[in-house]
Amino acid sequence: MASIGQIVNPTSGSDALSRARQRAALVPDCLVEAKRIANTVIAGWHGRRKRGIGENFWQFRPYAEGESLSRIDWRRSARDDHTYVREREWEAAHTIWLWCDMSPSMMYKSSYGSVSKESRALVVMLALAEILARSGERIGCPGIMDPASTRNAAERLAAALMHTPLTGGLPETAMIRGWSDLVLIGDFLDDAPAIMERLGPLARRGLRGHVVEISDPAEEIFPYSGRTEFTDPESGAKLISGRAEHIREAYRNAYLARRDSLGQSLRHLGWTFATHRTDHLASEALVAVHMYLSGMPAKATHGGQL
């Protein structure tokens, strides 16, 4: 019987080095796919950029008679015969932090899924960065890229990911200030209480959170039968089941119970929670998260799955 799912390390050497090389090879293709998907999603209703009082440069404009001379940018004005004023971006420009899980479990891909969970998470994150950057939002990635308002945010994020050491678990969030949005994309296979222990304090700090669980179809339907060896990608521990079909119902009940518990806990905090399978279109997850960020209800299908 052909293997239903597998994790492949393409290079020899330490696990960290192998994974880093694989991710560096994966990111460019994911960026291209992300841009293609972003172009299919209508953007513009979420952006809030405009001139006003703030710290970031917005634009130069001609000086108007009667304005304070302190507002003149003399360096720019010296370039030609006109006098210019430096305008700054409105202080309320929003900051959105994007993060996706890069732990070994995300490398899984079964014959039922079109791509690995890691690939899909990267595409959704980079496509979201592309759309939000077009709308003028400030995009950051915890521990990887400081927030920046730039049209090439997706390219900058992709480059940063290619040169960042691998880390597991949820990101460090000490640098994130309140009244920002945090988008977390991963498989979230840890126990719900352990995850909520990390996320609960963030909600109390005023962050708006949006969690997207990426799953492979085989993880939900458990199509295994007969003598099957299961390997934990994180620890390498192995479990052999003589007749895997006999534990299918118990496994599925436990899997869905974990998901339901996590979703209910997140919604109790006022955060959003969505699930996405790798056999569905990446644009479905992208549209849903974008609508959440815009404060609009996202349509769900297949019992809340995207």
Side-chain angles (χ1 to χ4, degrees), residues 4-9 15 19 22-23 26-27 30 34 97-128 141-142 144 161 166-171 182-199 209-224 230-237 239 251-267 271-282 284-286 288-289 292 300 302-306:
I4 291 176
Q6 59 183 345
I7 296 175
V8 178
N9 291 315
D15 290 341
R19 294 249 12 250
Q22 184 189 36
R23 193 206 319 174
L26 179 67
V27 167
C30 288
W97 296 85
L98 307 176
W99 174 87
C100 72
D101 189 1
M102 294 293 174
S103 59
S105 66
M106 292 293 290
M107 296 176 66
Y108 182 75
K109 176 189 176 301
S110 75
S111 57
Y112 294 84
S114 56
V115 295
S116 70
K117 294 186 291 182
E118 180 184 50
S119 176
R120 179 54 53 84
L122 280 169
V123 166
V124 172
M125 181 175 69
L126 293 173
L128 192 57
C141 185
I144 295 177
L161 287 168
L166 294 169
T167 57
L170 293 170
L182 175 62
V183 180
L184 303 173
I185 308 169
D187 54 14
F188 301 99
L189 293 177
D190 292 331
D191 291 336
I195 295 175
M196 295 309 302
E197 186 175 350
R198 289 287 309 277
L199 300 185
H210 313 274
V211 174
V212 182
E213 180 196 287
I214 306 292
S215 66
D216 187 278
E219 293 177 321
E220 290 191 9
I221 62 179
F222 199 81
Y224 310 99
F230 300 95
T231 303
D232 184 341
E234 307 284 345
S235 65
L239 171 68
Y251 165 87
R252 294 186 63 185
N253 289 339
Y255 184 90
L256 296 177
R258 174 204 55 81
R259 172 182 287 172
D260 290 342
S261 176
L262 179 60
Q264 291 176 13
S265 298
L266 288 168
R267 285 187 282 269
W271 287 27
T272 66
F273 176 72
T275 61
H276 175 76
R277 278 183 18 175
T278 56
D279 59 340
H280 292 187
L281 296 175
E284 296 179 11
L286 180 60
V289 177
Y292 284 142
H302 303 285
Q305 188 162 80
L306 302 173

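- Residues Ser215 and Tyr255 are in side-chain contact: their nearest non-hydrogen atoms beyond the backbone lie under 4.5 Å apart.
- Using a 4.5 Å cut-off on side-chain heavy atoms (C-beta onward), Glu118 and Met102 make contact.
- The structure places CG of Leu126 at 11.0 Å from CG of Leu286, a figure rounded to the nearest 0.5 Å.
- Between the side chain of Asp279 and the backbone N or O of Tyr112 there is no donor-acceptor pair closer than 3.5 Å.
- In this structure a side-chain-to-backbone donor-acceptor pair under 3.5 Å is missing from Arg277 to Gly113.
- Considering only heavy atoms from C-beta on, Ile185 stays 4.5 Å or farther from Arg120 through its side chain.
- Between Arg258 and Glu213 there is a salt bridge, since a side-chain N of the basic residue sits under 4.0 Å from a carboxylate O of the acidic one.
- Side-chain N or O atoms of Ser114 include one that pairs as donor or acceptor with a backbone N or O of Thr278 at under 3.5 Å.
- For Arg252 against Ile221, the heavy-atom pair with the smallest separation is CD-O, 3.9 Å.
- In terms of modelled atom types and a separation under 3.5 Å, the side chain of Ser261 and the main chain of Ala257 share no donor-acceptor contact.
- With hydrogens and angles disregarded, a donor-acceptor distance shorter than 3.5 Å links the side chain of Asp216 to the backbone of Ala218.
- The structure places CG of Asp187 at 3.5 Å from OG of Ser105, a figure rounded to the nearest 0.5 Å.
- Here CZ of Phe273 is found 11.5 Å from CG of Leu184. Values are rounded to the nearest 0.5 Å.
- Ring planes of Phe230 and Tyr224: perpendicular class, angle over 60° (limits at 30 and 60°).
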Fill in: Verdict with supporting geometry, Leu122 and Leu161, side-chain contact (heavy atoms from CB on, under 4.5 Å)
CA-CA 10 Å; Leu122 280 169; Leu161 287 168; 3.8 Å; yes
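- Summarising the geometry, atom OH belonging to Tyr108 is positioned 10.5 Å from atom OG1 belonging to Thr231; distances are rounded to the nearest 0.5 Å.
- Taking all atoms of both residues into account, the shortest heavy-atom contact from Pro142 to Trp97 is N-CE3, 3.6 Å.
- The only member of Lys109, Lys117, Arg259 that meets salt bridge (charged side-chain N to carboxylate O under 4.0 Å, His left out) when paired with Glu219 is Lys117.
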Practice prompt. Would you please test Leu266 and Thr272 for side-chain contact (heavy atoms from CB on, under 4.5 Å) and show each step?
Written response: CA-CA 7 Å; Leu266 288 168; Thr272 66; over 6 Å; no
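- One finds the SG atom of Cys100 at 11.0 Å from the CG atom of Leu128 (value rounded to the nearest 0.5 Å).
- A 4.5 Å side-chain heavy-atom check between Leu170 and Phe188 finds at least one atom pair inside the cut-off.
- Side-chain contact between Val212 and Val289: present, with at least one pair of heavy atoms (C-beta onward) separated by less than 4.5 Å.
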